[in-house]
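See below for the structure under consideration.
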Amino acid sequence: MVRISLLLLFLIQFSQSYCQTLIRGKVTAPSSIPAGIRVNLVAENGSGGSHYSFTDAKGMFLFSGVSHGNYTLLFQSLAYKSLSRSIHLNSDTLELSIELEESSIQLQEVYVAPKKFIRAGRDTIELDAKNYLQGEERTVEDLLRKIPGMQISENGTIKVGNKEIEKVMVEGDDLFGKGYKLLTQNLTVHPIEKVQVLQRYSNNKHLKGVEHSEKIALNLTLKSESKSQWVGSIDAAASVIPTEFYNAQANLMNFGKKTKYYLLGSANNNGLETLRGIDHLILSQDPNEPGQVGLQVSTPSLLENKPSLNEFDPQRSNFNNDKLLSFNGIFSPRKDLKIKWLGFGNSKKNIFVRRSLSEYAIEDVKFTNHEDLHYTNSDINYFSKIEMQYDPSKNSTITYIGTLGNIKANDIGELTFNGIGSLETIKKRSLLSNHLLSYTQKLAERAVLVSSFRWIRQRSPINYAVDQYLYGDLFEAEGIKADSIKNVWQDTENNVDYYGMITELVKRDAKGNPFSASIAHEITFRGFNSAFYLMNGSGETYRPKDFFNRLNFEEHNTALSAQYTWKSRRLELTPSITARLLHSTLQDKLAPQAQSSINKLWSPKATILWRTHSKGELRSEVSYQMNMSQSALDVLPNFVYKGNRTFSSGLKENPILDIFSVNAVYTLGKMTDKLYTILSGGYSQQFDYIGQQQELNPDYNRNNLVLFKNRTLTYFNAQLNYFVAGIKGNIRLTADGQLANYQTQVKGLPPLPIQTAVYQVSLDYRSVWESPFNIFTGLQFYNSILRNGSTRSVVQSKFEANINARLSKKIRTSLKNELYRFEKGQYSPGQYYLFSDFSLQYFILKKMQLELTAKNIFNVDTFTQSVLSDSHQSTQSYALRPRQVMLGLNLSF
């Protein structure tokens, strides 16, 4: 009976929240329509709080859900005189008509930057693309790099301030979501007229103005002559010195009202990877989106062997042969139906050559390993995605997103290890099917219900083989003699099946404060089978006892989440909590019985936003999270081969891993201001975390995962963007660092405390002169320190100087210089590397140009850097692409 009463009370309150009282009105002025006027609604007795709104393009404003009583309306704007109006609300609807008087003010200082920002709306910043073009830009990414306040990483991730953007749209429509890099790294810049920065963006149109959004998106608008017709570009280039390199690319798009097409084809072997950083496109990764479930569900990666060169252009060491064909379209056959199609096929071949020297020195464990590796990776990728949006009514939408992916990878590694040659082969397959069905219902003006169901299925088998035995005495205990083994291989099955559903309510209360609550249930099945084999010269096969796995890992997860934001004029407080009931079953098929556990996990969080003044705000977050590992590799009962002569086994059970974290971000100014600064820092402590117990041997490493306590991480970041009028340029200062304390263990020794520290400072200047000559200069310092009983460090710096010049109306040139310096240390000599690239463009017509480019003018053939790890320090040298001179033609239409 008590439960029924509580349910009735909840339903009454729920229904009352939608019986809204309205105050609406129209604001007029003698000679204009007052759009964007701030309207404050203040209760005279102080009990009703304060609300605010803005007039729309017609001068209209609206308040809903207001209690009866006496109020004061305040109208404020720089262009009009402030006005105060007292009202008495005693009915469901109150209609008002307000007339404002125009006003003029004298500004003490007016700052006009040569690169104009135009605020097109309260949440939109608009930039004219031509103000940032200096002549050498080819793609949209090249353009965005020139805009102050935007940062683009090496793989193409775009950030505005310290926030990664959600998507890049063209004329308001999106094709790639967070896989926008496929667009920005290939779409020609010529048809782009403006770049719009959309703040407080909502991916779901029904959630606009309802959800508490901090998302940012970009929208590219096209020139009038480029709309509703076929436009694009063609690039073709071939090398003169040497003669075997080429680059060919074609972009074609037509963005009309009902249909939109974007087609891309490219082929090259000049080091440029056609698909970079597209994990967001293939996987489902939208953690801040209401109604999302099944985030980052995939099979764990295994046997990865890719070059890692910190702060270094990967194109210089990438010997490749890439081909890509992509067809994408948006179709609107009816007003209530929109269909999006994305598909690409890609074949690529990448080669890298690496020579490494690794020195191990932990107490009495001391040895040195030499490796020469010539590695060839050949991939064939097929991926397709279809999205359908149907609106059964004005206030509801049904969305289906389905993706299919097929990846085939064949890797061949020619390895010489301590003078012994071998040939490794790895064959990988990945079949991915990911389907999301969601339904959005707008219950009221400020209340939306989102329900979703997702199904994911992925199969990733891996076959590894090597024609040489390299593991010393590892298997002698089982009577296997090392000198009798001729071949080694491992077969792996790596599978995941996922089913998840969620229902989430997003609303704003009578005071405009956002609230959300959700309930979700997820079921995950993971299977991991591996078997390691040895074969002698007679064809006899051995399967070592502790080197095969037959594991099934099943999870049932039910989660309840709630979040509420309390807002005042300068302060926002957002507490949230997620409670989960996790039932997991770990079945080792080689063990007599399965392990089963039921755990209650809590994850509270609180966020505080304080607007210190008109241009500054401080945001701080405190959280505590309880999680359990979702990777099958963390709970493997036996060893699996992970490459580089390393075997690893997991924990015998799946423990609860909890972490406490606190961070703060202070922002001064906006990207439209002369001074734009972001300061951030944080601290986290993992009370329980998974670490390694290593058995180090010159011929192999055998690692057991173990549980350690109290891993800490402290970090900071500072960004300062400043436009200096005297030298007409933007200066950016960036400083960041992190300090980590944790433990590792070498077998036979007590746990070893590890401390790592990484610091980086960079200063750069980009001119915005209106002359034919512009420059970019940058200076960066990097320092990495590791303490594990002794102290080791790597210190390097980089100086960059780029020059762009317009020699005449038809001739443009650019010179790019990079100087790397490595300080002399205990394990490496001091070294300098200078790279120079040159380009000369001759415009035959306005949209046709010849281009001569020279890469790596000084023909630097190797690049060497030091890498620190817990147990050793290595010096790695990579072979670089030779000097190449290319002659090409670029045509835009």
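Only heavy atoms go into these numbers, but all of them, side chains included; no hydrogens, no water, no symmetry mates.
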First locate atom OG1 of Thr667, then atom CD1 of Ile678, and finally report the distance between them rounded to the nearest 0.5 Å.
5.0 Å
Tell me whether the count of non-hydrogen atoms from other residues, nucleotides or ligands lying under 6.0 Å of CZ in Arg355 goes above 12.
no
How are the rings of Tyr820 and Phe835 set to each other: parallel, tilted or perpendicular (split at 30° and 60°)?
perpendicular
Considering all heavy atoms of both residues, which atom of Leu633 and which atom of Leu705 are nearest to each other, and what is their separation?
O-CD1, 3.9 Å
Do you know which of Thr492, Asn549, Asp491, Asn638 makes side-chain hydrogen bond (donor to acceptor under 3.5 Å, both in side chains) with Ser530?
Asn549
Determine yes or no for a side-chain-to-main-chain donor-acceptor pair under 3.5 angstrom, with Lys428 supplying the side chain and Leu302 the backbone.
yes
Does the plane of the ring in Tyr360 sit parallel, tilted or perpendicular to the ring in Phe367? Use 30° and 60° as the thresholds.
parallel
Report, one line per pair, each donor and acceptor closer than 3.5 Å where one atom sits in a side chain of residues 731-738; sequence neighbours left out.
residue: Arg732; atom: NE; partner: Asp764; partner atom: OD2; Å: 3.4
residue: Arg732; atom: NH2; partner: Asp764; partner atom: OD2; Å: 3.3

Residue among Thr864, Asp861, Thr862 satisfying side-chain hydrogen bond (donor to acceptor under 3.5 Å, both in side chains) with Ser877
Thr864
Establish, for the pair Arg883 and Phe858, whether the NZ or CZ atom is under 6.0 angstrom from the six-membered ring centre and no further than 45 degrees off its axis.
no
Parallel, tilted or perpendicular, as decided by the 30° and 60° cut-offs, for the rings of Tyr641 and Tyr464:
tilted
Quick check with a 6.0 Å cut-off and a 45 degree axis cone: is Arg821 positioned over the face of Phe799's six-membered ring?
no
